[in-house]
Amino acid sequence: MSVPITVPGPDLRLLVSLAAWTWPGSRPDGHEAAHILITHAPALTGPDTAEARMLQLSASLGGLAGARDIVPQLERCLQIVGDQVLLHVPGVSRPLRLPAHRPWTELVAHNAEALLLLGLDPLPQSADAARVDAYLDGALAADRLLFGRARTR
């Protein structure tokens, strides 16, 4: 008798504990790209637990890559509903609603994708643009960001 082994996906509690930011930016080729940063908000859990949960989220989305790797194209996981953009994570009953504004949403719709950055270190949702920039610089230098191309179709 054989028993299939499945890797458990993230649960709804993980999505509730996430913090997310969105902004328009440029790709290395100079074309405009929509960006999404998702981190684990600081909580009562230790950093090892937060990192494990973020790695589990990465695996559920199809496996994101480090900064020196080829950025993978993920399965269709973004959905645009009016002015809102939702991130669907396999195995989770509800999508994560991303912070969106009209020009960013239009860029996602035009490109049919966004660059997803998954931060392995916590960052509070209250972080302003300067703190997010500092976080990105530090996380990139420390190889604490994972990257993927999230698609709408």
How close do [X] and [Y] get, heavy atom to heavy atom, and via which atoms?
{"X": "N111", "Y": "A34", "value": "ND2-N, 4.4 Å"}
{"X": "G82", "Y": "T105", "value": "O-CG2, 4.1 Å"}
{"X": "I36", "Y": "W23", "value": "C-CZ3, 4.4 Å"}
{"X": "H31", "Y": "D29", "value": "N-OD1, 3.0 Å"}
{"X": "A114", "Y": "L78", "value": "CB-CD1, 3.9 Å"}
{"X": "A67", "Y": "D143", "value": "N-OD1, 4.0 Å"}

Using a 3.5 Å distance criterion without hydrogens, assess whether the side chain of [X] forms a donor-acceptor pair with backbone atoms of [Y].
{"X": "Q125", "Y": "A20", "result": "yes"}
{"X": "S58", "Y": "L64", "result": "yes"}
{"X": "R151", "Y": "L74", "result": "yes"}
{"X": "R149", "Y": "P72", "result": "no"}
{"X": "H35", "Y": "A33", "result": "yes"}

**Asked** Does the side chain of M54 come within less than 4.5 Å of D121's, by heavy atoms?
**Response** no
Consider only side-chain heavy atoms of I, L, V, M, F, W and Y, link residues closer than 4.5 Å, and tell whether [X] and [Y] are in one cluster.
{"X": "L116", "Y": "L57", "answer": "yes"}
{"X": "L140", "Y": "Y135", "answer": "yes"}
{"X": "L86", "Y": "L18", "answer": "no"}
{"X": "L96", "Y": "V89", "answer": "yes"}
{"X": "L120", "Y": "L87", "answer": "yes"}

**Request:** Decide yes or no on side chain to side chain contact (heavy atoms under 4.5 Å, CB included) for D83 and R102, but give the supporting numbers first.
**Result:** CA-CA 6 Å; D83 287 340; R102 183 175 217 91; 3.3 Å; yes
**Message:** Using a 6.0 Å cut-off, check whether atom CZ of R97 has over 12 heavy atoms from anything other than its own residue.
**Reply:**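 Atom CZ in R97 is not crowded, with 12 or fewer foreign heavy atoms closer than 6.0 Å.
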**Asked** Is it the case that more than 12 heavy atoms not belonging to Q73 sit under 6.0 Å from its CD atom?
**Response**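 Atom CD in Q73 is packed in, count exceeds 12.
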**Message:** As a test of understanding, state which of L136, T39, L118 forms a side chain to side chain contact (heavy atoms under 4.5 Å, CB included) with L145.
**Reply:**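 So, applying the side chain to side chain contact (heavy atoms under 4.5 Å, CB included) to L145 and each of L136, T39, L118, only L136 qualifies.
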Value rounded to 0.5 Å, distance of [atom1] in [X] from [atom2] in [Y]:
{"X": "T152", "Y": "R76", "atom1": "OG1", "atom2": "CZ", "result": "7.0 Å"}
{"X": "I38", "Y": "W21", "atom1": "CD1", "atom2": "CH2", "result": "10.0 Å"}
{"X": "E32", "Y": "W104", "atom1": "CD", "atom2": "CH2", "result": "13.5 Å"}

**Message:** V85 vs T22, test: side chain to side chain contact (heavy atoms under 4.5 Å, CB included). Steps then yes/no.
**Reply:** CA-CA 10 Å; V85 179; T22 59; over 6 Å; no
